[in-house]
Amino acid sequence: MKILNIKSLAIATLFLVGMTSCEDFLNRPTKDSYTIDGFYQTDAQCFQSVNPIYNSPWYDFQRGFVKIGDVLSGNIYYGTDNVYQSFNLKSSDLDIRSASASLWSVNAYCNGIVENIDMKTGPAVTQTTKNTVKGEAMTWKAMSYFYLVRCFGAVPIIHNNGAIISANESNSLRRNNIEDVYTYIVKTLEKAIELLPAKNQPGRIDRYSAYGLLSKVYLAKSGYGQVGTRNADDLAKAADYANKVIEESGRKLMSNYEDIFRLQNNFNEESLIAWQWTIGAQWTCQNTLQSDLALSGFTEFADTWGTWTGLTIDLETAFGEDARKKTDRVTDDVRRKGTMMMLGDHYDYFWANKGGFTYNWNGTTTGITYGSGTGSNCVKNIVGNNQDHINGIGVGMDRMATALSTHILRLADVYLIYAEAKLGNAASTTDASALKAFNDVRGRSVKNYVAKTSITFDDIFKERRLELAGEGDFWYDFVRLSYYNPADAKARLVAQERGYWNNLDGYYKGTVTDVSTVTIGTWKVSESNIKFELPFPDTDTATNPSLNDAPVPFDFSSIGY
Amino acid sequence: MKRKINFLLVLLLFGVGLVSAQQNLSVSGVVTDASDGSPLVGVSVVVKGTTNGTVTDVNGKYSLNAPQGSMLVFSYIGMEKQEISAKVKVINVKLQSDVRMLDEVVAIGYGTMRKSDLSGASVSVGEDKLKGSVITNMDQALQGRVAGVTAVYTSGQPGSSVSIRVRGQSTINSNAEPLYVIDGVPVQIKGHSGADFGLGDALGNGSTSTISPLSTINPSDIVSMEILKDASATAIYGSQASNGVILVTTKRGKAGEAKFTYEGMYGIQRQSKRLDIMNLQQFAEFSNSISAETAGREPRSEFLDPSILGHGTNWQDAIFQLAPMQTHTVSASGGSDIMKYYVSGSYMGQDGTVIGTKFNRYSFRTNLDAQLKKWLKLGVNMAYSTTDERLGLADSEEGIINIALKSTPDVPIYDIDGNFTGVSREGQAAQINPIAKALSEDNLLKRSSLNGNIFLDLSFTKALTLHSEYAIDMGSSNAERFLPTAKYGTYERSINSDSRQTNQNFFWQVKNYLTFAKDFDLHKITAMLGQEMSESTWQYISVSNTSLPDNTIHNPNLGSGTPKIGAGFGSGSKVSVFARGTYNYADKYYATYTFREDASSNFGPKNRWAPFHSGAISWRATNEDFLQDLKPTISNLKVRLGWGQTGNDNIGGYRWGSSISKMSTGLGLGYRQSNIANPYIQWETQEQTNIGLDLGLLNNRIELTVDAYDKVSKHMLMQMQLPSYMGTQGNSSSALAAPYGNYGTIDNKGLEFALTTHNFTGAFVWDTELQLSFNKNELLALDGTSAAAIEGYGQWSDVVSRTEIGQPLYNFFGYKVVGVFQNLADIKSSPTPEKYPTDGKSFSRTNTVFVGDLKFADISGPDGVPDGKINEYDRTNIGSPMPIFTFGFNNTMRYKNFDLNIFINGTYGNKVLNYTGRALSNMKSMWSNELAIVTDRSRLQQVDATLTYPRTNSTGGIVNNWFDDIDNVSVANPGTKMPRAIQNDPNDNARLSDRYIEDGSYLRIKNIALGYNFPKKMLTNLHLQSLRVYANVQNLYTLTKYTGFDPEIGASTTSTNVYGLDNGRYPSPQVYSFGLNLSF
């Protein structure tokens, strides 16, 4: 029996070892990072929770930002076969899908931050921090909705993602009326303005960022549902809020236009709202616009393919340029060279370690491939080579990654909003403050500028284009105009020259000498193609067919502000 | 005849009774294996009808006293029983192996069982089948061999995985692979995508990858595999069993003198197929035509006269190579009654048929058994292996194969200085030379694993034993991705980068189970009660940097860029209790009941535990007295019925809470919420009913097994499918992950046939085995509205598949092509395309629909009925990637010392999305090569040739611009199915449509092997026990309509929820090999 005793002991021991402290053994929350319940305990953590809203969820919008903002609107040339250039947009377009995913992702994160700051913050977090962080998140939320309503028109208002998921309503939501979306944006911004400090840390959103955005929202909203003219109350509000920024924020226009877009000025005072990219281990933390826009061979990483992405002939013409000229570039408006590089242009700030970059086309510059059909290439959103990146912020770039901030609301924009709001429904204005705002912007960049004494809508429309070209904004001027005068908006688009030059390459390289062989391959968009609302991604309409139903009013009683 | 046999039997029985009174005789002898003459140890020798018996010793010797003339029964597992009358003193016996293996003992999980006693559905794959084809991974052996199991090579790359579906896809998660249990230790399959190893998207964007977790195991060490299919069989592995279980048994020593074996194989692999893409002449003609017709350009000057051009560069020939492969395994086994061992070491080296890819494996195994006491047995299994791979980039638009196919024939591989070429062309980045890319960019992966277990078997009494086991599985991997500085023509990368990642994981498991087995007369009872717990931990560290001094030393530490660091760690655990009882009455009636309760750390405190029940009954009719008369015509008839539940927790840890992950930002460190929590997440459960029939005819010369099943997976673990406005879509590195939970129900129904016939026995032996598996799956329910569906994506985020409620999984989703618009009247009389001019007349070649565009079917509209317009509502199911049935047909012939095996397998009824073909026939660009079928594109002609349309072209000349007048053009080749070439493609002819859906059915001569066993006489002089040589041809011929390289395409590596998408998949090679097996 002795043997059996040993055996019994063995079996008992083994089973005991097996069954001890089961629940502790099975409890395995994430160990290598924070969990939502353990975070939001210090002021620093609260700020860290809103930091990603300044970059990563916007990452997927970068292409849409350029293609919707500048290609659709006729500033950037992506090739005549590009669906944005030709308005052949379909609901299955990948960039629309990505743009939609990105904008809605910003909203979801912002909703989450507001909720978590309310529910999860520890006692050590100050009220000021809570307010600031919520204010930043709400401004970003308003920004994403502002893009959404201008891109897609009526969209559903998602105020609390968790509640919609719990109620199992996520696949049956209806769209909300455009005016309600604007009301929602306004209410959100008003709340943000209440919460935000007048001055925040560099690069972050402050109260005046929100005021600036609110003025732009009111300017857009002023034409919605109107015929021919705009709502005077909204225009007055747009002017008021813009004026607050101009008068009270203490911010000034940067003296040199091109400096705004340089890496070392990521946190410049002209920038009211910006995406703050970086170089890091997490994909989506970086700016990849340089890859799409810069000349092939521009960096050391073989990661640029923008050779055939130029500025349109129409924009060249707007700056007074003609690509058929080999010399005598337009230099009286620095914005021309700051927006488009053309034959003979020299840039000190690109390839600084090699004595600067010259756009010489003839192939003597190592590694660069030229080929733009319009004879120009993009300058904005581009940093340069690796050493330029180091010169800018001390660290190198990476494959498809720069840290260049993307300024999506600038003080100059607000100046022009102010001028346009003051002009209102009049044919022209001589209002001193409106003229000052306009002349300040134009005067900064135009040499020997003679201040205008009267400005019209066309003056402002064109000035906005020249000032903001390549910054993903021009399309929304058309959307804004289409709200109350769609015929005018269409006429302006139809008139644009979106084509290319034949034989330009040979002419620049010297294989063709006669300039008369450089002929225009004209390309204009047909009016019937133009639509001011992008199609909803088809995967959404397939999953939720109610999106095709007429939009409904939104119940504002639930939002708490 | 039958009567005669019965009479003999009766006589024999009487005889036994009669002789019992006779005198005892002392009998002795040696029992050997008839196949190789080796002594058999432990053979039971019993005087028939008595309990008087013995077993053979280490040398196969026995001796016992038996009544003279009595019958001695020699029996041994896996051998045919022999009965010999005790008439002389020395009886030497040669036992033949039992080819029919009816009474083979098989592993069933936590125990073994006689195969004939099984009530569940399970199939054995023995060593003979494992060796039947050239396999480098054990999962490859399952292809076509087992009814109900679909095994598809994910890639033809060396060492790559086989996606295995046991009875259809029963969960929507990427991990629908079965559970592998090697000698009782579950194989730890952590994430094995490229990203998981630190190779980024180099191996595709999806969570499935071609890297096989099983490629670290040497198939030569395996003696058999049991595939447990129905729930009653798998239930004992409850928690992880819902995708089926594959039990792997490795070789163990037999008592006796050491036996050494060597198995060697050398083979040459090749790619036998080339796609028909345009050669230089065709390409020049195409380029000229597309530039003139679609862009109004002049032809490229070098293409002015295509007829004088040659064939140009054949990029396909340049990327494919003849690739050698070899394997060598040496093993030793033997031992005594007390101690037995099996030790092996092996090397495998395989180059890939796409340049720049290879795979090497070194593996070692030791299995020991020791009888410590009469009542105590100890066993140790330990295996170590290390693999080393150079992985190319396949399955991607940027993969070597796709780049090579798109590379134009006018560009040479090398320039005149012998450097790689590279060209930048309009509208695309400098296209890298595919040869340069394949050879210079490194995607390297080294893995090593150590796994094994130690177990004790305590026998309390003959009937009651305790099995107590401790198992471990340690694994580590090192991955490196290196992009060198390079200059190929206009393609230049002047800063290099290197990233390295190390992964480590450790798994341990303790299990104890008590087994009770006793026969009470005709009642045989077994009972098992056990407990198990396990923990797995993992961690990874990655470092990357740029600007290394040169390309020779790949160490991120040397880089002068900004280093990036990644690190993470975590753990998971499981606890289980389980019990099983079986009952057998007179080998006629069988019953099994299994219960298991599991807890998984993947679920929150309230939902951790889940119980799983299962039961099965069966009836062996042929053991009934009233059916004895039918023997041997009906030699075996067994009916089985089973039902059971199994579970799945394979969803990753901490989905019940929200974690926070780091995000670098321009404002400093940031932290984002990673996912939306679902505190209610719980076990996925599956219920399966199985009815089966085993039939043996003509003394089992014909054996048929038929199984029908219905399995329903409920509470299916998956990510909630949400529209983009919920904010959970987009780049996985930035998107807030939608909640994971129990959101769907899938049903799989199927029918399996396995027919084995012994056509010829005797000198010429011919056996055939036919496997047929039918499976039909259906998504029964999904949370959300009735319109909720699961999308699958192509390379990036284009929707290619859509799984709707009431439909099979992963249907391709797109438009149906009706034809080509022949002329304006045709356009006007058809449903209105998107790009139909609003005024009805301003047609434009480049802006609107035009003659030569594709006509799509008007299937539906916003109201669910055809609306006369072509838009996204007209997308529909355009084919299922799931086969109607799969089959395997194996023929084995033996004559004297020769044996021949011919194995054919295939699928029927599945569709393949030729994604590569789509990219190679869009006719949008004159700068990349396309399939030669584009020469059959719709070509426009002038109806009234007298009309002229003078227009100034780009060089100032006047051209006749007739093709812009839609009233005056028609299609010159009306029979064509290809649209016109147009750079802009306003009608979106390249949209996903049934144009790219192809029949993926195939029949493949998978394997032909001819072997020769040298006769014993010759070997004795050489001191060899056995010597076999063989030659083998694999993938000799594939009969298919598929136009891509290889129709065998399984789970997509580009994205989850997609199946059968060919995105430049690495094709399976042909292998010509020969080998040698010898033992001494």
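So that the names make sense, note that chain A is the first sequence line, chain B the second, and so on, each numbered from 1. Only heavy atoms go into these numbers, but all of them, side chains included; no hydrogens, no water, no symmetry mates.
With a threshold of 4.5 angstrom between heavy atoms, A:Trp283 approaches chain B through its backbone and through its side chain. For a residue to count as touching a neighbouring chain, one of its non-hydrogen atoms must lie under 4.5 Å from one of that chain's; by this rule B:Ala735 touches chain A with the backbone only. Contact of B:Gln721 with chain A is made through the backbone alone, with heavy-atom distances under 4.5 Å. If you measure heavy-atom distances from A:Pro29 to chain B, the contacts under 4.5 Å come from both the backbone and the side chain. The parts of B:Lys662 that come within reach of chain A are both its backbone and its side chain, each placing non-hydrogen atoms under 4.5 angstrom from that chain. Interface remark: A:Asn116 contributes side-chain atoms only to the contact with chain B (heavy atom separation under 4.5 Å). When heavy atoms are compared at a cutoff of 4.5 Å, A:Asp60 approaches chain B solely by way of its side chain, counted from C-beta outward. Looking at A:Trp523, the atoms closer than 4.5 Å to chain B (heavy atoms on both sides) all sit in the side chain, from C-beta outward. If you measure heavy-atom distances from A:Ser405 to chain B, you find no contacts under 4.5 Å at all. A:Pro535 does not touch chain B: none of its heavy atoms, backbone or side chain, sits under 4.5 Å away. Residue B:Phe813 does not touch chain A at all, counting heavy-atom pairs closer than 4.5 Å. At a 4.5 Å heavy-atom cutoff, the contact between B:Ser571 and chain A is made by backbone and side-chain atoms alike. Heavy atoms of B:Thr848 lying under 4.5 Å from chain A are absent altogether. Heavy atoms closer than 4.5 Å to chain B are found in both the backbone and the side chain of A:Ser170. The contact between A:Ser49 and chain B is made by backbone and side chain atoms together, counting heavy-atom distances below 4.5 Å. With a threshold of 4.5 angstrom between heavy atoms, A:Ala274 does not approach chain B through any atom at all. Only the side chain of A:Tyr54 comes within contact range of chain B, judged by heavy atoms closer than 4.5 Å. The contact between A:Asp538 and chain B is made by backbone and side chain atoms together, counting heavy-atom distances below 4.5 Å. Interface remark: A:Phe47 contributes no atoms to any contact with chain B (heavy atom separation under 4.5 Å). Residue A:Tyr59 touches chain B through its side chain alone, counting heavy-atom pairs closer than 4.5 Å. Contact of B:Ile676 with chain A is made through the side chain alone, with heavy-atom distances under 4.5 Å.
Taking B:Ala738, B:Gly568, B:Gly570 one by one and counting their heavy-atom pairs under 4.5 Å with chain A, the maximum is reached by B:Gly568. Note on A:Pro52, A:Gly280, A:Gly396: by heavy-atom pairs under 4.5 Å with chain B, the leading option is A:Pro52. Between chain B and the residues A:Ile53, A:Asn266, A:Ile113, A:Ile165, the largest count of heavy-atom pairs under 4.5 Å involves A:Ile165. When B:Leu722, B:Ile495, B:Thr485, B:Thr562 are compared by the number of non-hydrogen pairs under 4.5 Å with chain A, B:Ile495 comes out ahead. In terms of heavy-atom pairs under 4.5 angstrom with chain B, the leader among A:Phe267, A:Tyr78, A:Trp58 is A:Phe267. For the set B:Gly653, B:Gly561, B:Gly572, B:Gly668, the entry with the most heavy-atom pairs within less than 4.5 Å of chain A is B:Gly572. For the set A:Ala44, A:Gly203, A:Ala542, the entry with the most heavy-atom pairs within less than 4.5 Å of chain B is A:Ala542. In terms of heavy-atom pairs under 4.5 Å with chain A, the best-connected choice from B:Ser732, B:Pro605, B:Ser734 is B:Ser734. Interface remark: of the candidates B:Gln673, B:Glu804, B:Lys373, B:Gln673 forms the most heavy-atom pairs closer than 4.5 Å to chain A. When each of A:Gln282, A:Gln276, A:Met397, A:Gln286 is checked for heavy-atom pairs under 4.5 Å with chain B, A:Gln282 comes out on top. Ranked by heavy-atom pairs shorter than 4.5 Å toward chain B, the options A:Pro202, A:Ser33, A:Ser56, A:Ser291 are led by A:Ser56. Comparing B:Leu669, B:Thr546, B:Ile565 by heavy-atom pairs within less than 4.5 Å of chain A, the highest count is held by B:Leu669.
Of the possible donor and acceptor atoms, none in the side chain of B:Asn678 sits under 3.5 Å from a partner among the backbone N and O of B:Pro739. Side-chain N or O atoms of B:Thr665 include one that pairs as donor or acceptor with a backbone N or O of B:Leu667 at under 3.5 Å. Counting only distance, with no hydrogens or angles, the side chain of B:Ser658 and the backbone of B:Asn675 share a donor-acceptor pair below 3.5 Å. At least one donor-acceptor pair under 3.5 Å links the side chain of A:Thr307 to the backbone N or O of A:Ser296. Between the A:Ser102 side chain and the A:Pro57 main chain, a donor and an acceptor come within less than 3.5 Å of each other. A donor-acceptor distance shorter than 3.5 angstrom exists from the side chain of B:Asp985 to the backbone of B:Asp988, with no hydrogens or angles considered.
Between the side chains of B:Tyr793 and B:Glu791, at least one donor N or O lies within less than 3.5 Å of an accepting N or O. Counted by atom type alone, B:Arg608 and A:Asn27 present one or more donor-acceptor pairs between their side chains at under 3.5 Å. Side chains of A:Thr299 and A:Asp303: a donor-acceptor N/O pair is present below 3.5 angstrom, by distance only. Checking A:Thr35 against A:Asp37 by side-chain atom types alone, no donor-acceptor pair falls below 3.5 Å. Looking only at atom types and distance, the side chain of A:Trp305 has a donor-acceptor partner in the side chain of A:Asp292 under 3.5 Å away. A donor-acceptor contact closer than 3.5 angstrom is absent between the side chains of A:Thr543 and A:Asp540. A donor-acceptor contact closer than 3.5 angstrom links the side chains of B:Gln531 and B:Asn512.
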Inset, instruction - Give the intermediate values and the outcome of salt bridge (charged side-chain N to carboxylate O under 4.0 Å, His left out) for residues B:Glu535 and A:Arg28. - result: CA-CA 11 Å; B:Glu535 182 185 42; A:Arg28 311 253 170 177; 2.6 Å; yes
Inset, instruction - I would like to know whether A:Glu300 and B:Arg493 meet salt bridge (charged side-chain N to carboxylate O under 4.0 Å, His left out); could you show each step before the answer? - result: CA-CA 5 Å; A:Glu300 295 88 338; B:Arg493 189 199 297 117; over 6 Å; no
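Partners of A:Asn111 under the side chain to side chain donor-acceptor pair (under 3.5 Å) rule, at least two apart in sequence or in another chain, are A:Lys141, A:Asn161. Applying the ring-ring contact (aromatic ring centres under 6.0 Å, His included) criterion to A:Tyr40, with sequence neighbours excluded, gives no partner residue.
Heavy atoms of other residues, nucleotides or ligands lying less than 6.0 angstrom from CZ of A:Arg399 number 12 at most.
Distance check: B:Asn545 CG to B:Ser499 OG gives 10.5 Å after rounding to the nearest 0.5 Å.
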